[in-house]
Amino acid sequence: MLDPHLLRNDLETVAEALARRGYPLDVEHYAALESRRKELQVHTQELQNERNTRSKSIGQAKARGEDIQPLLDQVGRLGEDLKAAEGELEGVRDALEQLHWDMPNLPDGEIPDGEDERDNQEVRRWGEPTEPGFEPRDHVDLGEQGGWMDPEAATHLSGSRFTVLVGDLARLHRALAQFMLDLHIRKHDYTEIYAPYLVLPDAMRGTGQLPKFEDDAFRVDDDPARYLIPTAEVSLTNLAADRIQEAGRMPLKFVAHTPCFRREAGSYGKDTRGMIRQHQFDKVELVQICIPGESEACHESLTGHAEAVLQALELPYRTMLLCAGDMGFAARKTYDLEVWLPGQQAYREISSCSNFADFQARRMKARWRNPETGKPELVHSINGSGLAVGRALVAVMENFQQRDGSIVVPDALRSWMGGQEVLEPGR
RNA sequence: GGAGGGGUGGCAGAGCGGUUGAAUGCACCGGUCUUGAAAACCGGCAAGGGUUUGUAGCCCUUCGUGGGUUCGAAUCCCACCCCCUCCGCCA
């Protein structure tokens, strides 16, 4: 959520910034609503003031033992007028609030212009695209030929966009998650968190998945309704919701390995092959909660923590600075990490690291006490995948495949694989 | 699922329907004292919002959430949510 003061005082600037990311803000409509709100609020508060004053004097008269009836008569239809004013004000406020919930974050000033991924900027590149010296297979061929994937079973169980992993590959998948988790805990100083996979609507609203992207999430229609998390970002970031952090304890650094659930509505026909885009996938998620002045540095460091995973796994990747039009709803600035996939002869997203500044914090009332002012102020939030486990598995398979269809286990993973060095087909 | 208890400021914890935005304690901030610190003592200290050039003043809202009664609700009524204790069930 954007700062309402900014919207009031600098609407044009906000509109221009939002236009950069393709969000059309109806300035006139907003300004009209806002001035109506002001009018109604002043009026309502005047009436409330009058009611309070009169009630107070009635109380005092009664305490003195005087006759109250004349004062009661004077109150007249004040109550009805007030009720009407309050009702109207609430209507306007709801309308404004609706707009606020739906408005995306302002892009950072240094973000490149652009509409989609074609305008993203490559910031750096690590490693060279793998040259196996033979025609590389993609992970689906490798998985099925090795007997490590059972797509028919997955479809039979759950329909499209699900995966069943078997044997050594399932173990490798687990090893990847464990390796990532341990790396972040031991080397990057994150606190491991185990958190719910089902969350209330407020949590989804806090991080920005609701109300606008209801269709992207799986909802469980219990009472109350809950949502399957589309990312652990929701659970982890909301740990700071409705709280006031002590300044000395930040940045908070959380890491969790969780499954993620996405409906992938609107992506029909996209990445239908293999396990690039699934309704259910595992992810190791990094979240930092920090004071405003440190969020840029924290964002850079978190991105580095995600990159460290790729480097440890010896996977070639590039770091992309997303253009204004390609960023997610809540982000102010985002780096995507794209890993090289020999099977696709392309770089594909494997991590997205974003700085949300105070956008999520305002939604979920996540604050810290600023020792300089003594007042609670909004924190900044940052998150990133470190990494998507399913896609990391795909990347390892494709980059470490050998001519015979076997897959070499990257050095970094071997201790999590009981020392196993190669995945041999059929096991 | 059944029975009972409870949800109040950063925390703990009072609160006859009428100057209660809320006692008190802790924490925190400032001061006195001290070589310094501690202790003691004095003072300050909720959040959000409106108006405004204003971190001044004035005003509004907020005591789990949503309704209701009333001139007036933290206090009364209704519904819901959550927490705790006991019973049942269960990994």
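Residue numbering restarts at 1 for every chain, and letters A, B, ... go by the order of the sequence lines.
- Between the CG atom of A/D242 and the P atom of B/C11 there is a distance of 11 Å, given to the nearest Å.
- Look at CE on A/M1: it is 13 Å from C1' on B/G49, rounded to the nearest Å.
- Side-chain rings of A/F329 and A/F359 approach one another, their centers coming within less than 6.0 Å.
- Side-chain contact between A/Q209 and A/T231: present, with at least one pair of heavy atoms (C-beta onward) separated by less than 4.5 Å.
- Rounded to a whole Å, the CG atom of A/D67 is 15 Å from the P atom of B/C71.
- Taking the six-membered ring for Trp and thresholds of 30 and 60 degrees, A/H188 and A/H184 have ring planes inclined between 30 and 60 degrees apart.
- At the heavy-atom level, A/R367 lies under 4.0 Å from the strands shown only through sugar-phosphate atoms.
- Under the rule for a ring-ring contact (aromatic ring centres under 6.0 Å, His included), A/H173 has no partner lying at least two apart in sequence or in another chain.
- B/G13 and B/U32 are spaced 30 Å apart, taking the C1' atom of each and rounding to whole Å.
- Residue-to-nucleotide contacts include no donor-acceptor pair under 3.5 Å from the side chain of A/K56 to the base of B/G18.
- Comparing A/R226 and A/H5 by the nucleotide of RNA chain B whose heavy atom lies nearest to each, the residue mapping closer to the 5' end is A/H5.
- Between B/G25 and B/G36, the two C1' atoms lie 29 Å apart (nearest whole Å).
- One atom, NZ of A/K365, and another, C1' of B/U65, lie 13 Å apart when rounded to the nearest Å.
- Partners of A/E233 according to the salt bridge (charged side-chain N to carboxylate O under 4.0 Å, His left out) rule, which considers only residues two or more places apart in sequence or in another chain, do not exist here.
- For the salt bridge (charged side-chain N to carboxylate O under 4.0 Å, His left out) test, no residue two or more places apart in sequence or in another chain qualifies with A/R262.
- A ring pair (Phe, Tyr, Trp, His ring centres under 6.0 Å) check over residues 224-254 of chain A, counting only residues at least two apart or in different chains, returns nothing.
- Spacing between atom CZ of A/R362 and atom C1' of B/G48 amounts to 13 Å, rounded to whole angstrom units.
- Proximity of residues 96-105 of chain A to RNA chain B (heavy atom under 4.0 angstrom from any strand atom) is not detected for any residue.
- Residue pairs meeting the salt bridge (charged side-chain N to carboxylate O under 4.0 Å, His left out) criterion with at least one partner in residues 366-378 of chain A, sequence neighbours excluded, are absent.
- In this view, A/E246 satisfies the salt bridge (charged side-chain N to carboxylate O under 4.0 Å, His left out) rule with no residue, not counting sequence neighbours.
- Every residue two or more places apart in sequence or in another chain was checked for a salt bridge (charged side-chain N to carboxylate O under 4.0 Å, His left out) with A/D67, and none qualifies.
- In this structure, A/G59 and A/I244 both approach RNA chain B, and ranking their closest nucleotides by distance from the 5' end singles out A/I244.
- Pairs passing the salt bridge (charged side-chain N to carboxylate O under 4.0 Å, His left out) check and including a residue from residues 141-165 of chain A, sequence neighbours excluded, read A/D141-A/R273.
- Atom pair A/K375:NZ and B/G49:P shows a separation of 12 Å (rounding to whole Å applied).
- A salt bridge (charged side-chain N to carboxylate O under 4.0 Å, His left out) check over residues 11-28 of chain A, counting only residues at least two apart or in different chains, returns the pairs A/R20-A/D113.
- Secondary structure note: stems in RNA chain B built from 3 or more consecutive Watson-Crick or G-U wobble pairs under 3.5 Å occupy B:1-7 with B:81-87, B:10-12 with B:24-26, B:28-32 with B:40-44, B:46-51 with B:57-62, B:64-68 with B:76-80.
- The NZ atom of A/K83 sits 13 Å away from the C1' atom of B/C71 (whole-angstrom rounding).
- Taking atom P in both B/G67 and B/U52, one finds a spacing of 29 Å when rounded to whole Å.
- Between A/L78 atom CG and B/U70 atom P there is a gap of 15 Å when expressed in whole angstrom units.
- Taking atom C1' on both B/G48 and B/U53, the two are 23 Å apart, rounded to the nearest angstrom.
- Nucleic acid contact for A/P4: none, since no nucleic acid atom lies under 4.0 Å from a heavy atom of the residue.
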Which letters describe nucleotides 51-63 of chain B, given B = protein heavy atom under 4.0 Å from base, S = only from sugar-phosphate, - = neither?
-> S-------BSS--
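- Comparing the C1' positions of B/C63 and B/A22 gives an interatomic distance of 8 Å, to the nearest angstrom.
- A distance of about 16 Å separates the C1' atoms of B/G5 and B/G64, rounded to the whole Å.
- Distance check on atom P: B/U61 versus B/U24 gives 24 Å, rounded to whole Å.
- Across B/U75 and B/G18, the matching C1' atoms stand 11 Å from one another, rounded to whole Å.
- Checked by atom type and distance alone, the side chain of A/R205 never pairs as donor or acceptor with a backbone atom of A/L210 at under 3.5 Å.
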